Structures are given as structure tokens and as C-alpha cells.
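Quick one: the structure is below, and I'll ask about it shortly.
Everything numeric in this text was worked out from a predicted model, so none of it was measured.
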Amino acid sequence: VQLQASGGGLVQSGGSLSLSCAASGSILSINDMGWYRQAPGKERELCAQITSGGTAHYSDSVKGRFTISRDNAKNAVYLQMNKLKPEDTAVYYCNAFVAIAQPIGTVLNDYWGQGTLVTVSS
């Protein structure tokens with residue numbers, strides 16, 4: 001299973017960016033999907049997470065500005081980022097809990113995308 005993220009870039013403060021992430025491979029189903037970010041010198045933190053049923057949760061730092069969504073048919077998750085601030089500058093990673101078939105049965109594994117850089121200038 002691979003997660004391919006795209007959509008990062010440079011934007012001015014107050015601007016918007018949209019991130020996409022698609023999972024591929026031998027996937028039986030995908031449970032929660034999410035977006036994390038890691039700023040220079042800081043630990044990776046959760047931005048937003050969405051269940052397979054579409055229930056979304058946000059960190060306080062992005063609530064009201066970011067919107068997470070998913071397309072189950074495409075095994076994809078998206079992050080619409082509005083009103084961006086310089087402190088949103090980070091490498092953004094998508095994450096998914098994916099059910100795969102193994103000889104022992106169905107296994108739920110945690111997968112990460114490669115990361116995409118978002119830079120917000122002041």
C-alpha cells in the first residue's frame with residue numbers, strides 16, 4: 001500500500017491551498033484517514049482526521065480554517081486550507097489506517113504519505 005500526497009507549495013498569509021492524498025495497492029478497506037504536519041524543530045502533530053463515515057475532527061489550531069474530506073471510491077483524502085498563517089508552515093503528511101489481506105487474515109496497518117511542504121509567507 002502506498003499513499004501519494006500532492007498539492008503543497010508557497011502561498012501568502014491569508015491565502016489558500018488544497019492538499020490531496022490517494023492510497024493505492026491491495027486495499028480491502030480504509031478506516032480513519034488524516035493529515036498531520038511537522039514544522040521545523042517541532043514534533044509531528046495532528047491537523048485533522050476523518051472517519052470512513054465522514055465524521056471529521058480538527059485540532060484547535062486549524063479548526064474553522066481547514067476542511068478535511070474524503071472520497072472512499074478513490075481511496076483519497078483531501079485538506080482544504082484557508083486563511084493560512086505563517087505558523088501553518090510545515091511538511092504535511094497524510095495518514096491512513098488500511099485493512100489488507102494477510103495469510104493470517106485481515107490486518108489493519110498504519111500508512112504514511114511522503115510529505116508535502118507548505119510554506120506560508122508573511
When rounded to the nearest 0.5 angstrom, what is the spacing between CG in N72 and OG in S52? 6.5 Å
In this structure, would L108 and I27 fall into the same cluster of hydrophobic residues linked by side-chain contacts under 4.5 Å? no
Decide yes or no for N109 and V1: does some side-chain heavy atom of the first lie under 4.5 Å from some side-chain heavy atom of the second? no
L28: hydrophobic cluster co-members (side-chain, 4.5 Å): none
Under 4.5 Å between side-chain heavy atoms, counting indirect links through other Ile/Leu/Val/Met/Phe/Trp/Tyr residues: same cluster for I30 and L46 or not? no
Can a donor-acceptor pair be found, under 3.5 Å and without considering hydrogens, that links the side chain of Y58 to the backbone of I68? yes
So, the side chain of Q114 versus the backbone of A5: is there a donor-acceptor pair under 3.5 Å, distance only? yes
Please round to the nearest 0.5 Å and tell me the distance separating atom OG of S59 and atom OH of Y36. 11.0 Å
N/O donor-acceptor pairs under 3.5 Å from side chains in residues 79-102, not counting sequence neighbours:
| from | atom 1 | to | atom 2 | distance (Å) |
| --- | --- | --- | --- | --- |
| Q80 | NE2 | N82 | OD1 | 2.9 |
| N82 | OD1 | S16 | OG | 2.9 |
| D88 | OD1 | R37 | NH1 | 2.9 |
| D88 | OD1 | R65 | NH2 | 3.0 |
| D88 | OD2 | R65 | NH1 | 2.7 |
| D88 | OD2 | R65 | NH2 | 3.4 |
| D88 | OD2 | K85 | N | 2.8 |
| T89 | OG1 | P86 | O | 2.9 |
| T89 | OG1 | V120 | N | 2.9 |
| T89 | OG1 | V120 | O | 3.4 |
| Y92 | OH | R37 | NH1 | 3.0 |
| Y92 | OH | D88 | O | 2.6 |
| N95 | ND2 | D110 | OD1 | 2.5 |
| N95 | ND2 | Y111 | O | 3.2 |

May I ask whether Y78 and M33 are part of the same hydrophobic cluster, defined by side-chain heavy atoms of I, L, V, M, F, W, Y residues being less than 4.5 angstrom apart, directly or through others? no
Going hydrophobic residue to hydrophobic residue with side-chain gaps under 4.5 angstrom, can you get from V62 over to L117? no
Over all atoms of both residues, closest heavy-atom pair of L3 and A23: CD1-CB, 3.8 Å
For G8 against L19, the heavy-atom pair lying closest together: N-CD2, 3.6 Å
Run the side chain to side chain contact (heavy atoms under 4.5 Å, CB included) test on C21 and V77 for me, step by step, so that the C-alpha distance in whole Å, both residues' side-chain angles and the decisive distance to 0.1 Å come before the verdict. CA-CA 5 Å; C21 176; V77 63; 3.7 Å; yes
